[in-house]
Amino acid sequence: MFAYYLGLALRSLKRNVVLTVLMIAAIGVGIGASMTTLTVFRAMSGDPIPQKSTQLFTPQIDNWGPTQQHVVPGDNERLQSQISYIDAVNLMNARPARRQSAMYATGFALTPANPQLLPFQVEARAAYADFFPMFDVPFHYGAPWSGADDAAHADVVVITRELNDKVFGGVNSVGKVLNLDNHDYRVVGVVDKWEPIPKFYDLNNAKYGKSEQIFLPFTRAIDAHLESWGNVNCSGHGKPGWEGRIESECIWMQFWAELPTAADAARYRTFLNNYAAEQQHSGRFNWPAHTRLRDVREWLVNQHAVMNEVRILVLVSFSFLFVCLLNAMGLMLAKIMGRSGDISVRRALGANRRAVFAQCLIEAGVVGLAGGLLGLALTALGLVGLRSLLSDEISRLTHLNVMDVSLAVALGVIATIIAGLYPTWRAVHVQPAWQLKAQ
Amino acid sequence: MLKMTNLSKAYRTEVVETYALRDFSIHVREGEFVAVTGPSGSGKTTFLTIAGLLEEFSGGDYQIDGANVRGLSDNQRSRLRNEKIGFIFQAFNLIPDLNVADNVDVPLRYRGLNGPERRRRIQQSLERVGLSARARHYPSELSGGQQQRVAIARALAGTPRLLLADEPTGNLDTQMARGVMELLEELHRDGATIVMVTHDPELAIRAQREVHIVDGQVVDLMASPRLVVGAHAQL
């Protein structure tokens with residue numbers, strides 16, 4: 001009977017084209033508005049590394065004290081979002097995790113070997129070799145540098161495929177030399193497409209931005225006095241210059257550790273507290289240990305990876321969808337009530353209430369499907385509009401994937417079926433005797 | 001075939017209770033052609049909708065083809081309606097989106113018959129009313145008489161035990177009405193049981209038997225001729 005009802009639905013929709021178009025438009029506009037904002041919201045709130053998000057942890061250490069932090073003692077929710085060089089190096093030296101990496105955002109002036117290309121600036125990330133296996137970074141050519149390279153402060157780099165295409169024409173550049181800030185670095189690997197959104201490992205600097213194009217050993221970056229290209233926060237006055245920076249309590253480093261099991265995470269928390277307590281005993285901290293260890297998801301929530309404006313927009317757009325559905329419901333009611341004569345005839349010819357219910361709901365589903373597809377087209381249009389209005393960083397979030405497409409169509413169908421429940425209920429309760437008597 | 005005993009139908013509001021049928025008894029035997037007549041508002045259509053299981057009744061008993069219908073669920077009533085009753089309406093009540101064959105197909109769909117069986121029955125019933133050549137036409141492309149023939153074909157397609165016709169010629173001109181009546185008579189000769197509601201005395205006398213309703217009750221035409229004459233005078 002499904003095919004029969006489907007055929008009846010299509011005939012019924014063709015019968016009153018204006019009403020049908022109005023219904024589909026009402027649903028399509030509502031779906032389009034809500035899906036546009038939802039797509040951005042989902043991209044912002046998505047899990048950037050689902051296979052490992054519960055195994056990757058970032059530590060927070062209060063190295064400024066409660067006065068500077070303006071926190072109530074015991075409130076672990078407000079802590080610095082980065083750590084100092086001192087803490088980064090100490091944690092790296094302790095190496096209590098399976099894998100760990102201190103890191104920071106930096107950059108270079110790159111002078112291509114090809115004289116036809118002008119020098120340009122590239123963003124880079126100083127990190128340890130563990131960065132790549134820890135974050136499951138895929139390689140197109142070569143491999144990460146080794147722990148020995150970290151220890152040797154080696155002049156090696158890993159570059160992105162995009163940069164490899166630009167500078168080396170896409171060929172395997174492993175072993176080739178890249179001139180960065182007038183210093184030669186040997187390419188050991190080319191990263192395949194890897195763009196976690198949000199860029200969870202450094203939410204302080206362009207959290208929806210692209211990954212850096214060059215990666216180099218942290219130890220080498222420090223040797224080269226590569227300045228931070230990211231956020232640097234200092235408390236009080238310290239010595240000027242590079243030495244002053246690395247001896248200071250300024251926070252400008254990120255730190256991630258891979259802790260595969262809950263027991264590993266518990267051990268690391270203990271280690272972190274002991275470390276902070278040790279710093280207190282040594283006289284560096286004049287306050288009790290105050291640390292926190294969060295996994296990727298907790299970190300995204302803590303750092304408000306989803307902008308409040310987007311949350312409000314999603315709320316507003318879904319309210320709009322609700323209004324659109326109310327309109328569609330009114331139109332459906334008008335359409336169904338206009339067909340009460342037909343419904344009565346069907347009842348007289350043997351249709352039971354379940355049959356009328358199924359016929360009306362399938363018709364609502366067809367309207368919803370059409371509305372969902374229109375909504376999908378409007379969503380694509382809305383995202384194009386957003387791309388032209390917003391920054392490049394946010395524009396990266398405005399892409400439809402298979403999940404979004406499925407969601408738009410499913411939302412259209414389900415929402416319209418829900419909106420069609422009341423008109424359908426009315427149709428089911430049409431009194432055939434009264435209708436036929438009225439004729 | 002159809003037996004109503006002391007049947008009543010009351011419409012209740014907060015302040016008043018109005019009886020459309022009261023102590024209504026009728027017995028239509030298999031193969032009979034009965035005309036139900038009466039003035040407007042006498043309860044003819046209420047009788048027909050109750051007979052067609054489209055409306056509940058307030059009291060009394062109703063049996064169709066030996067089955068008592070009191071207390072049946074919506075599903076059971078729908079199935080009984082689909083299998084045992086064929087409707088012919090004054091306004092034809094064809095579904096405008098569907099062509100002739102698809103209109104005839106409607107009760108067969110709800111019967112759950114397979115495709116070949118449905119097609120066979122559609123062809124057979126359209127041939128019976130002389131419209132097999134119009135199977136792909138839409139109702140709007142047919143004359144009133146042809147539309148009523150389609151409605152009759154639709155009623156016949158389910159091979160019902162009882163045909164209920166509500167003023168079947170009410171919307172037709174004289175010539176078309178004659179054609180439809182001849183078709184009903186032919187069906188009756190072939191063994192169909194027909195109950196036809198009409199207020200046209202000329203049609204009523206073509207039935208085997210006439211049952212007259214006044215104020216929701218069956219009136220004996222022989223016993224109360226003045227009442228009947230008075231009622232007809234109001235028409």
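All chains are named by letter (A, B, ...) in the order of the sequence lines, taking the proteins before the strands, and each is independently numbered beginning at 1.
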Where is the tightest heavy-atom contact between [X] and [Y], given as atom of each residue plus distance?
{"X": "B:Asn82", "Y": "A:Gly350", "answer": "CB-CA, 3.6 Å"}
{"X": "A:Ala348", "Y": "B:Phe89", "answer": "CB-CZ, 3.9 Å"}
{"X": "B:Val106", "Y": "A:Tyr4", "answer": "CG2-OH, 3.8 Å"}
{"X": "B:Arg81", "Y": "A:Arg347", "answer": "NE-O, 2.8 Å"}

TODO: Check the side chains of A:Asn352 and B:Asp74 for a donor-acceptor pair under 3.5 angstrom, ignoring hydrogens and angles.
DONE: no

Task: Side chain, backbone, both or neither of B:Arg154 within contact of chain A (heavy atoms, under 4.5 Å) - done: side chain

Open item on the list: Let's go through A:Leu8 and B:Leu98 carefully: what are the C-alpha distance in whole Å and the side-chain angles of both, what is the deciding distance for side chain to side chain contact (heavy atoms under 4.5 Å, CB included) to 0.1 Å, and is it a yes or a no?
Closed with: CA-CA 9 Å; A:Leu8 291 179; B:Leu98 306 181; 3.8 Å; yes

TODO: Evaluate the criterion side chain to side chain contact (heavy atoms under 4.5 Å, CB included) for residue pair B:Asp102 and A:Arg11; output intermediate values, then yes/no.
DONE: CA-CA 12 Å; B:Asp102 289 339; A:Arg11 281 192 171 111; 2.9 Å; yes

Might you confirm whether atom [atom1] of [X] has over 12 heavy atoms from other residues, nucleotides or ligands at distances under 6.0 Å?
{"X": "B:Arg111", "atom1": "CZ", "result": "yes"}
{"X": "B:Asp215", "atom1": "CG", "result": "no"}
{"X": "B:Arg79", "atom1": "CZ", "result": "no"}
{"X": "B:Arg70", "atom1": "CZ", "result": "yes"}
{"X": "A:Met403", "atom1": "CE", "result": "no"}

- [ ] Report yes if some heavy atom in the side chain of A:Pro432 is under 4.5 Å from a heavy atom in the side chain of B:Thr49; otherwise report no.
- [x] no

Task: B:Asn103 CG to A:Leu349 CG distance, which is reported to the nearest 0.5 Å - done: 9.0 Å

Open item on the list: Before you tell me yes or no, could you show the steps for A:Gln431 and B:Glu55 under side chain to side chain contact (heavy atoms under 4.5 Å, CB included), namely the whole-Å CA-CA distance, both residues' side-chain angles and the distance that decides it to 0.1 Å?
Closed with: CA-CA 8 Å; A:Gln431 294 294 329; B:Glu55 199 167 8; over 6 Å; no

- [ ] Measure distances from A:Ala351 to the heavy atoms of chain B and classify the residue's part below 4.5 Å as side chain, backbone, both or neither.
- [x] both

Open item on the list: Does A:Arg346 form a side chain to side chain contact (heavy atoms under 4.5 Å, CB included) with B:Ile95? I'd like the steps, not just the answer.
Closed with: CA-CA 9 Å; A:Arg346 286 186 178 278; B:Ile95 297 172; 3.7 Å; yes

Open item on the list: What verdict does the salt bridge (charged side-chain N to carboxylate O under 4.0 Å, His left out) test give for B:Asp97 and A:Arg339, after you've listed the backbone C-alpha separation in whole Å, the side-chain angles of each residue and the deciding distance to 0.1 Å?
Closed with: CA-CA 11 Å; B:Asp97 301 335; A:Arg339 276 173 37 213; 5.8 Å; no

Task: Closest-packed option against chain A by number of heavy-atom pairs under 4.5 Å, given B:Gly52, B:Pro96, B:Gly86, B:Pro160 - done: B:Pro96

